[in-house]
Each structure stands twice: as C-alpha cells, then as structure tokens.
Number of protein chains: 2
Amino acid sequence: MEKEINTETLILNAAKKVFMQKGFGATRMQEIADEAGINKSLLHYYFRTKEKLFDAIFEEVLSQVIPKISKVMTSDYTLFEKIEIFADTYISAFQKNPHFPMFVLHELSSNPEKILPRFKNHLGYIEKIFPQIKKEISSDKNIDAEQLIINMLSLCIFPIIAKPILKGILFNNDENKYLEFIEKRKKEIPKFVINSIKK
Amino acid sequence: MEKEINTETLILNAAKKVFMQKGFGATRMQEIADEAGINKSLLHYYFRTKEKLFDAIFEEVLSQVIPKISKVMTSDYTLFEKIEIFADTYISAFQKNPHFPMFVLHELSSNPEKILPRFKNHLGYIEKIFPQIKKEISSDKNIDAEQLIINMLSLCIFPIIAKPILKGILFNNDENKYLEFIEKRKKEIPKFVINSIKK
DNA sequence: GTCTATATCGGGATAGAC
DNA sequence: GTCTATCCCGATATAGAC
C-alpha cells in the first residue's frame, strides 16, 4: 500500500526509461529529471554524475533479465526441452523490456572495454550448456555447439532489435501484427531449430 | 591515377567512418575534421549542418550495400540456391562494413520516423522473394514465408552486431577466432536453414 | 576554398538559499 | 532533501581574413 515512492527509485525508474531508449550518449540529464518530475540538480545529489547513474541502471537491468535465463540453462531438462523453454523465456523477457537488447548491444558496441567486464559477470551460463549439446547431439552429427547457441540467440534477439524495420516494412506499421509475429516465434523458433538438428 | 582527391569525398569518407562507429548522437564534428585532416569549419562549408552531412552519408551507405543483396533476391536461382548465395553475400558485405548493421539498426531504433522512410526505398527486394518461398516450399509444409526470411536475416546479422560479446565471451578476445567463426557461418547458415525446411 | 577567431548554445556539474 | 542560480566546458555554427 506504500504509495509514497522515495525519490531515489523515482530517479532510477526515469533514468532506466530514458537510457534504454536513447543510450548513454544521447541521453540528457534534463530529460531524466523531467521524466521523474523533479529538479535536475537532484540527480546529482543522489548520483554524483551521469556516468554513475548510468552504471546503477545498467547493473540493475542486467540483474533483472539475466537470472531468468541462467536458471533455464542450468536446469536439468533435456536439450530439446531447453530449446523450447529458452525461446519462450528469452522472448517473454524482451516483451517486457523491448529496448533491453538494443540498449546492451549498442553500449557494448560503442564502449566494449567499459561494458564487457561487467557483462561477463552475468554470462557464465552460456558455457554451462556446451557439454550437454555435445553429449546429446553434436558428437554423432556434425553440429557445432557454438554455432547452435548463436543461432538460438540470433533467432530470438534480432526480431526484437529490428522492430522498426519489421513493423514498418513487413507489417505496414501495424503494432499488433508485429506483436503477434513475435508471439508466434516462441513456438516457431524451437520448431525450426529442432527440425534442423534432429535427423 | 587521379591521386588528387577532392575535399568533398575526403569529408564523406571521414564522416562515414566516424558516424558508422559512433552513431549520429555521439559523433563530434571535430572528430570528422581530424579524421579528414582538414579544418572543422570546412565541414560546414560543404554540408551546412551535421544533420545534412549525416543524411548524405546514410544515403550513400545504404545504396552501397543494399543493391548487392537485392540483386540476389531478384535473380532466378532456386530457393535453396538463393539461401546459399544470400548468406554468403550478406555476410561478405558485412565483413567489409562491420559497423553497418548496428549503425542502421541503432539509428532506426532511436529515430524511426526520420530514418524509416528513406530506408523503405531500398527494401523492396524483401517482398520479391515471398512468392517463390510459397511456391517452392511453404504450400505443402507449414512454413511461414515471413518467419523464414526473418530467420535468415537474424542468423546473418546478429553475429555481426553482437561481435563484442561473441569475441569477448566465447572467443576470449581472439579476433581471428571470431573472424573464422563468421567465415564458417557462410556455409553453416544455409546448411542449418535448408536442413530445417526440407523434409 | 581554406583557414582563424568568435558567437552561441546546450548540457553536466556545483554553490548556496531554504 | 529540494530548489534556483550559475559556472564551465565542449560542440555546432558563423564571420571574416587570406
């Protein structure tokens, strides 16, 4: 019932929204202040610099999204089950945070030396699936575990970051058609992938 | 033999390099001037504003990369042949312009209303392949032409824009390993896709 | 056409009143 | 803790000399 939100979380929410949409470089402190409905200098009172505010956001966003996925990968489902759950979990997470993938990839791309280390802490899960892939399929067929992982990531993430093109060109700017398309992919991707790797 | 490059193309080349790496918002006119080895105010002499300079670049870059792809799609190869040529052509184009996909997607993402219209002019080719897909495969199987196109695009483009993660996390920062991986995908993607859609 | 100097503006950050 | 006023720098853009 606590309706009184403290200023700090007010700022964090506003900053998250603006940073995710515009990226670090294009974000203005003024815009965050407006979004939060407070004064610009309050931002500096709570987080000394724009950089520190960004860091706080980045850490928070990563630790919100990544664990959901990590949990799937380290569970003890079969590989085919994991592929199905993975696509569903990934895409569902992005439906809630549609700017997340572009945000992370863009910051990584323009500032790898700064962003990559902190990103690394969160991605141990990727390697954990390798043994299982090798065990369940790639030993007898000529399937490369790394290529398979990247295929899964590509198929899930690209349609999210390319939303403006897909929506604008394939779906004549119809938001709902785009959303349906994404929803359908939760089933289509596993079907497509599993179809390819099982003989 | 014409070694005397005129100032305008000098500027365009420099601007292309910087804009593609940093995006519009984070690019400084000074940096473009330095890269071109000329004075900052010359930029304004040739292209009145940063915005106009950017527009010139964007148009040029699009018209350099897109036609190569368009040509493949409108040729009269079979669908399976096209899938092979498409992956090779696409990835080869990105090997030469590694920042191109992130550049375009990021500008689209942060400024769709401005960028999308000009982008549209170049992407008529996508629809041209639909009838062929429907004719050659999707009628008898339950394969959606749109999903298939997006799968191809995803598999080709994502590994390029996610380079920092792949290189940093999968390949321990080894540039050559990353490049080999991308090279291999020219064959792996068609194999993966064709394997999935042919019964 | 190319340069130097300068105007102008916007944004991050700080000082200080309340 | 929150606001107003202000500093200061960096970046776009223009004026004007050569």
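By convention in this document, chain letters (A, B, ...) are assigned in the order of the sequence lines, proteins followed by strands, and residues within each chain are numbered from 1. The analysis underlying the following values was restricted to heavy atoms, covering all of them including side chains, and did not include hydrogens, waters or symmetry mates.
Looking at residues two or more places apart in sequence or on another chain, you find no ring pair (Phe, Tyr, Trp, His ring centres under 6.0 Å) involving B:F158. Residues passing the side-chain contact (heavy atoms from CB on, under 4.5 Å) test with B:Q95 are B:I91, B:S92, B:I182, B:E183, B:K186, sequence neighbours excluded. Every residue two or more places apart in sequence or in another chain was checked for a side-chain hydrogen bond (donor to acceptor under 3.5 Å, both in side chains) with B:K187, and none qualifies. Under the rule for a side-chain hydrogen bond (donor to acceptor under 3.5 Å, both in side chains), the partners of B:K184 that lie at least two apart in sequence or sit in another chain are A:D144. Remark: B:E180 pairs with no residue by the side-chain hydrogen bond (donor to acceptor under 3.5 Å, both in side chains) rule, at least two apart or across chains. Partners of A:Q30 under the side-chain hydrogen bond (donor to acceptor under 3.5 Å, both in side chains) rule, at least two apart in sequence or in another chain, are A:D34.
For C:dT14, neither phosphate oxygen OP1 nor OP2 lies less than 4.0 angstrom from any side-chain nitrogen or oxygen of A:Y45.
Axis orientation changes by 10° from one end of the helix from C:dG1-D:dC18 to C:dC18-D:dG1 to the other, with each end axis drawn from 5 pairs and the value rounded to 10°.
Within the structure, side-chain hydrogen bond (donor to acceptor under 3.5 Å, both in side chains) contacts touching residues 71-83 of chain B (residues at least two apart or in different chains) are B:T78-B:E81, B:K82-B:Q132.
Within a heavy-atom distance below 4.0 Å of DNA chain D, no residue of residues 8-25 of chain A is found.
Whole-Å rounding puts the A:K52 NZ to C:dG12 P distance at 16 Å. Remark: P of C:dC3 and CG of B:D34 are 12 Å apart, rounded to the nearest angstrom. Between the CG atom of A:N39 and the C1' atom of D:dA5 there is a distance of 11 Å, rounded to whole Å. The distance from atom CZ of B:F47 to atom P of C:dT2 is 12 Å, rounded to the nearest whole Å. Note: CD1 (A:I38) to C1' (D:dT4) measures 15 Å, nearest angstrom. Between B:L42 atom CG and C:dT4 atom P there is a gap of 10 Å when expressed in whole angstrom units.
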**OP:** Starting at the 5' end of nucleotides 6-12 of chain D, put B wherever the base has a protein heavy atom under 4.0 Å, S where only the sugar-phosphate does, and a dash everywhere else.
**Re:** -----SB
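In this structure, the ring of A:F19 has its center no less than 6.0 angstrom from the ring center of A:F103.
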**OP:** Start with the C-alpha gap between A:K198 and A:E136, add the side-chain angles, then the distance that decides, and say whether salt bridge (Lys or Arg N to Asp or Glu O under 4.0 Å) holds.
**Re:** CA-CA 10 Å; A:K198 79 169 177 208; A:E136 293 193 33; over 6 Å; no
Listing time: all N or O pairs from protein to nucleotides 16-18 of chain D that are below 3.5 Å?
none

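With B:Y90 as the aromatic partner, B:K68 does not meet the cation-pi criteria of under 6.0 angstrom to the ring centre and within 45 degrees of the ring axis. Geometrically, A:K114 does not engage A:F119 in a cation-pi contact, judged by NZ or CZ lying under 6.0 Å from the ring centre and within 45° of the ring axis.
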Output a table of donor-acceptor pairs, distance under 3.5 Å, between side-chain atoms of residues 38-45 of chain B and any protein atom two or more places apart or on a different chain; print 'none' if there are none.
residue, atom, partner, partner atom, Å
B:N39, OD1, B:S41, N, 2.8
B:N39, OD1, B:S41, OG, 2.9

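Closest heavy-atom contact between B:I32 and B:T27: CD1-CG2, 3.8 Å.
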